[in-house]
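Just so you know, these numbers come straight off a predicted model, no measurement behind them. Every number for a ligand or one of its atoms is a count from 1 in the order of the listing. The chain is numbered in sequence order, starting from 1.
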Amino acid sequence: DLMADEQSNLPKELSEKYMITKKIGVGVCGEVKLAFERATCKKVALKTINKKDFPASVGTATRSAEREIQILQKIDHPCLIKTKDFFQTDDSYYIFLELMEGGELFDRVKSKQQIKEPIAKLYFYQMLKAVEYLHNNGIIHRDLKPENVLLSSHDDVCVIKITDFNQSKILEESALMRTLCGTPTYLAPEVFTDAVTVGYSRAVDAWSLGVVLVNTFICYPPFYPDARIGLSVSDQITQGIYTFIPSKWDGISDDAKDVVKKLLRVDPNVRLTIEEALQHPWLMVRFIAVSLPGPSAINVGTFTT
Ligand SMILES: COc1ccc(CNC(=O)c2ccc3nccnc3c2)cc1
C-alpha cells in the first residue's frame with residue numbers, strides 16, 4: 001500500500017529508527033506525519049521537505065530549507081519547536097520534531113469560536129516570550145500566523161510552541177553597521193538618516209502577533225476582504241484600517257484592545273516592540289507560578305481574569 005512503498009524509499013537508517021504512520025498536517029513546503037520512535041514507542045512529528053517540489057526556485061527552496069534546519073537546530077526555548085532528529089537524501093529533508101498533540105492554534109480558534117481572555121493571554125504571553133528569544137538571538141520569524149502556533153495538548157491551559165522557520169531571517173552584521181563604526185568624515189547625511197530606520201525589520205513579527213491576537217480573540221483577522229470596507233486587504237493594512245466590532249469585543253478588556261492598537265501601528269518605528277508588549281499592563285498581571293504538565297513545562301503563572 002501507499003504507506004509501505006513510502007516507507008520503503010526512506011533512508012534505511014531512518015526506517016530502522018522510526019515507524020512512519022499517518023499524515024497529520026500539510027505545510028507550504030512539505031507535510032507533517034505522525035511517527036513512532038521504535039526504541040521508546042514515543043510519538044514524534046516528521047516534517048518532510050521535498051527539494052524537488054520547487055523546481056523553478058530550487059535554489060531558494062533548499063536555501064530556505066537549510067536556513068530553517070540551521071535555525072531549528074540552534075534554538076532552545078520552551079515555546080519554540082525542537083528538532084529531535086534529522087536525515088537528508090538527495091531529494092528530501094526529514095526533520096523529526098517533538099509532537100504537539102493539540103495541533104494548530106488555527107484549528108483550535110476555529111473549533112472554539114471564541115477563546116476566553118485569560119487563555120488568549122496565556123497563549124499570547126508564550127508567543128511573546130518565544131519571539132523575544134528569537135529576536136535576542138538575531139532571528140526574525142517573518143511568518144507568524146495561527147497555523148504556525150502549535151498547542152501541546154487539548155487542554156486550554158497548555159504550552160504553545162512556534163514552528164515553521166522557513167521564512168525566517170538571520171540578522172547578520174551589516175555593511176552599514178561596519179560603516180557606522182568607522183570615522184564619518186566622508187559619510188553622506190543619508191547614511192545616518194537611513195541608519196535610523198534600518199534594523200526595524202524585526203518589527204514585522206510584532207505586527208503579525210497583533211493580527212494573531214485579534215484572530216485568537218474574535219476568530220477572524222482584523223484585515224480581510226470585505227466589500228463594505230471598499231479597500232483591498234493590502235490597502236487596509238498599509239493604512240492601518242481595522243475596526244473593533246463591538247459585538248465581538250464586548251467583554252474583552254480595554255487593556256487587551258490597547259495592546260492590539262499599539263501592535264497594529266503602521267509605522268514600525270513607533271510600533272510596540274516585543275519587549276514593550278511584555279511590559280504592557282495587560283501582560284503585567286500578578287502571576288501565581290504554576291508549572292504546566294508536559295515535556296517542557298514552563299512557569300507562566302495563572303492569569304487573573
Ligand atoms: C495521533 O495523531 C495525531 C496526533 C496529534 C495531532 C495534532 N497535531 C498536529 O496536527 C501537528 C501538526 C504539525 C506539527 N508540527 C510539528 C510538531 N507537531 C505537530 C503536530 C493530530 C493527529
List, pair by pair, the atoms of ligand 1 and of the protein that are both N or O and lie under 3.5 Å apart, giving the separation rounded to 0.1 Å.
unit_1, atom_1, unit_2, atom_2, d
ligand 1, 8 (N), M100, O, 2.9
ligand 1, 10 (O), I24, O, 3.4
ligand 1, 18 (N), M100, N, 3.1

Task: Contact list for residues 197-220, test side chain to side chain donor-acceptor pair (under 3.5 Å), sequence neighbours left out - done: H135-D205
Open item on the list: Once ring pair (Phe, Tyr, Trp, His ring centres under 6.0 Å) is applied, do any residues pair with Y242, and if so which ones, sequence neighbours excluded?
Closed with: F223, F244
TODO: Classify the side-chain pair Y93/E66 by whether it contains a donor and acceptor separated by less than 3.5 Å.
DONE: yes
Open item on the list: Using side-chain heavy atoms (C-beta onward) and a distance below 4.5 Å, is F124 in contact with W282?
Closed with: yes
Task: F96 and Y18 aromatic centres sub-6.0 Å - done: yes
- [ ] Kindly write out the residues that satisfy side chain to side chain donor-acceptor pair (under 3.5 Å) with T179, not counting sequence neighbours, or none if the list is empty.
- [x] none
